[in-house]
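Read the structure below first, then the notes.
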Amino acid sequence: MPIIRVLFVEALTTLICFECASQQMAPNVSHSETSTSSLGNMTLPSSRLVSTSSLQLNDTMSNNSNPDYTTFQHLPHSPLWKNETFRFFFNPHSINDLVVASNRTVNFNCTSNNIPQYVNNSTGSQSGNFSLTKDSLDFSNISLLLVIQAHDRKVASLVVTKGSHDGEEKSEKMAGELPFVSSLIYKSIQLNSESNFTILAMYMGYATMSVTLTDSNDLEMVKQGAYHTLAHAEYEIQVTRAVRPSDFAFNCSAAAIAILISFGIGCVTDTESLKKQLKYPVSLVVGFCCQFLILPVLAFGIAMMLPLTNDVKFGLLCVACVPGGGLGHVAVILGDADLPLSLAMNLISIVAMLGTAPLWIFVLGQYFYLDHKVIPIYNFEIWLASTFFAYTAGLVINRFKPTVADALLTWIIKPLMLLASILYITLGVYINMYVFERINAYAVLSAFLLPLCGFAVAYITGKIFRQKDSFCKSMALETSSLNVLIVLAAIRFSLTSKNHADYASIVPLWVMFTVPGIYVLLAILRFFKGCIANFLESRKQQQFRHFSIASGIVNQANMAALSAPLFVTEITDDDQGSVSEKITVL
């Protein structure tokens, strides 16, 4: 009898516990139909059925989580799987230095802790109907399918190796005897055992690989998306360009040419012209405000409106903060604008940007880089100071030795500038071909809008303050001219990350081509404007001549004619000995 009583109490307790457990889990399954998992008879909510394109990451971490690996929790809320976790271990944790046209193998291990064991009732194998046992965990004999997807195949793809299934997209063979690649592969793995996948770098940029552990081992069902997500992880990849000696030579030449241009502008600056320009302080103040107050704000507005990456936005801001350069001075000479005002604005910009450029870059650059330590303020200041000293040296030489300054301009600076222009059009484009291989339309648009908006704002502002037309053109040309070479050198030598530097250099490189294009466009518009003005003037003169003849011949009706004497004057041409008559009618 005591034994029967004990068995009865234990049975009653078990029944009460089971009833309580079923009531607790009822809300979890009452609002959705259930579907049978490929692991056996265990039912999972069908509302958790997801495909590879809509994977969800559970941020809940286990108590013994380690920062070196990521812990993922089950998405299904079945009581048998509640509070149980899967973990992905990657080696390396992420790839930040994968070079274009190279590959890298990533080792990973998917572990599981405290998951009840499922064994076959008859054979103990993986297939068939499974039931829960009270043994300890042993997933060593269970294999599941893993879905690995490359979200940006143009940057990085997955190598199809032996043991991996083709994805939904047909794999392609790359040129140069490279392996087969695909953006989606299915890999059969065993839990608590090491596996790997191989990544092939295609183009410079950032990419993400998603790794999804399914609850199925049926390839066809997984391809159709009929599975539950047991774990999901994202693997970050950064692909960089290969380091070449030509890149370093290009960066050094850009800095040298920028310094040489500043020295040349200093050599042509006449102090007497600067003194005369001080009589017109309004134009200098308007030009300063357009260059150092309005233009950076315009660049920030363009960067925030267009869907650009943070690196490209930072490059756009840096270009706007460093106006000036020799191209604006050349455009002023060709456009018949006011040359003394251009020289005075160059002097002001060389001095003012030492303080305004680092200030704007530090204040507005934090919107693009949360870590202000990434912003190279001191390095920018060094490069700007180099142009200042070069300009000062040219100005001093022109002040005390004008003949030497003329000789330097004629025999050194002009030939070097011609050679540099030829090299930049040829070798410069070849070295920076990555800008043209995958053209970012919004980056090109921003490089076109920045100088165009600067030109329009400066010209309109000059008209508002009633400045002469030559002053307005000088202010507009100097505001739209940007010192892209020194910005390019500062970015390339200042940003520690090579990808940050390459992406931030996209806008300076495009501005180098768009600014001359804008000047050519303005010259064409000016030519057509002159043609139209000449045509209208000729029509006006022709109509005036016809009106003068007609008014002398036609008399209106009912008007009394006033008689007037007729004077005839003889004019003798002494050279030819001929006589002509001049008739005057009063």
Minimum-distance pair of heavy atoms, taken over all atoms of [X] and [Y]:
X	Y	value
Glu381	Pro358	OE1-CG, 2.7 Å
Ile361	Leu317	CA-CD2, 4.3 Å
Gly315	Ile491	CA-CD1, 4.3 Å
Ile413	Gly264	CD1-CA, 3.7 Å
Tyr519	Leu477	OH-O, 3.0 Å
Leu230	Thr214	CD1-O, 3.5 Å

Whether the [X] and [Y] side chains hold a donor-acceptor pair (N or O, under 3.5 Å, no angle test) is what I'd like checked.
X	Y	result
Ser94	Glu236	no
Asp97	Gln238	no
Tyr459	Thr479	no

Contacts table for residues 435-458: side-chain donor-acceptor under 3.5 angstrom, sequence neighbours left out:
residue : atom : partner : partner atom : Å
Asn440  : OD1  : Tyr442  : N            : 3.2
Ser446  : OG   : Tyr442  : O            : 3.4
Ser446  : OG   : Ala443  : O            : 2.6

One thing to verify: whether Arg492 and Asp247 come together as a salt bridge, which I'm taking to mean a side-chain N less than 4.0 angstrom from a carboxylate O. no
Under 4.0 Å between a side-chain nitrogen and a carboxylate oxygen: does that hold for Lys468 and Asp338?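 No, no charged N to carboxylate O under 4.0 Å.
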Distance in Å, [X] [atom1] paired with [Y] [atom2], rounded so as to fall on 0.5 Å steps:
X	Y	atom1	atom2	answer
Met475	Leu341	CE	CG	6.5 Å
Leu347	Leu395	CG	CG	7.0 Å
Leu416	Ile261	CG	CD1	11.0 Å
Asn103	Ile199	CG	CD1	9.5 Å
Gln291	Ser349	CD	OG	5.5 Å

Pick from His232, Gln149, Glu234: which one makes a side-chain hydrogen bond (donor to acceptor under 3.5 Å, both in side chains) with Thr212?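 That would be His232; it is the only one of His232, Gln149, Glu234 passing the side-chain hydrogen bond (donor to acceptor under 3.5 Å, both in side chains) with Thr212.
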With side-chain contact (heavy atoms from CB on, under 4.5 Å) as the test, would you mind laying out the steps for Val106 and Asn196 before giving the verdict? CA-CA 5 Å; Val106 180; Asn196 60 71; over 6 Å; no
Do any N or O atoms from the side chain of [X] and from the backbone of [Y] form a donor-acceptor pair under 3.5 angstrom?
X	Y	value
Asp502	Arg241	no
Arg104	Val99	no
Ser102	Leu98	no

Tell me, please, which residues at least two apart from Arg466 pass salt bridge (Lys or Arg N to Asp or Glu O under 4.0 Å).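 Here no residue qualifies.
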Suppose we call two aromatic rings close when their centres sit under 6.0 Å apart. Are [X] and [Y] close by that rule?
X	Y	result
Tyr434	Tyr203	no
Phe493	Trp383	yes
Tyr503	Phe314	no

Full working for side-chain contact (heavy atoms from CB on, under 4.5 Å) between Tyr391 and Ile265: CA-CA 7 Å; Tyr391 178 85; Ile265 295 177; 3.7 Å; yes
Under 3.5 Å, side-chain donor or acceptor atoms of residues 283-290 against the rest of the protein: list the pairs with distances, not counting sequence neighbours.
residue : atom : partner : partner atom : Å
Ser283  : OG   : Gln277  : NE2          : 3.4
Ser283  : OG   : Tyr280  : O            : 2.9

What orientation do His500 and Tyr369 show, parallel under 30°, tilted 30 to 60°, or perpendicular over 60°?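 Because their plane-to-plane angle lies in the 30° to 60° range, the rings of His500 and Tyr369 count as tilted.
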Counting only heavy atoms not in Lys414, do more than 12 fall under 6.0 Å of its NZ?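 No, because the 6.0 Å sphere around NZ of Lys414 holds 12 heavy atoms or fewer from other groups.
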Please walk me through it: do Tyr367 and Phe300 pass side-chain contact (heavy atoms from CB on, under 4.5 Å)? CA-CA 10 Å; Tyr367 287 89; Phe300 182 76; 3.9 Å; yes
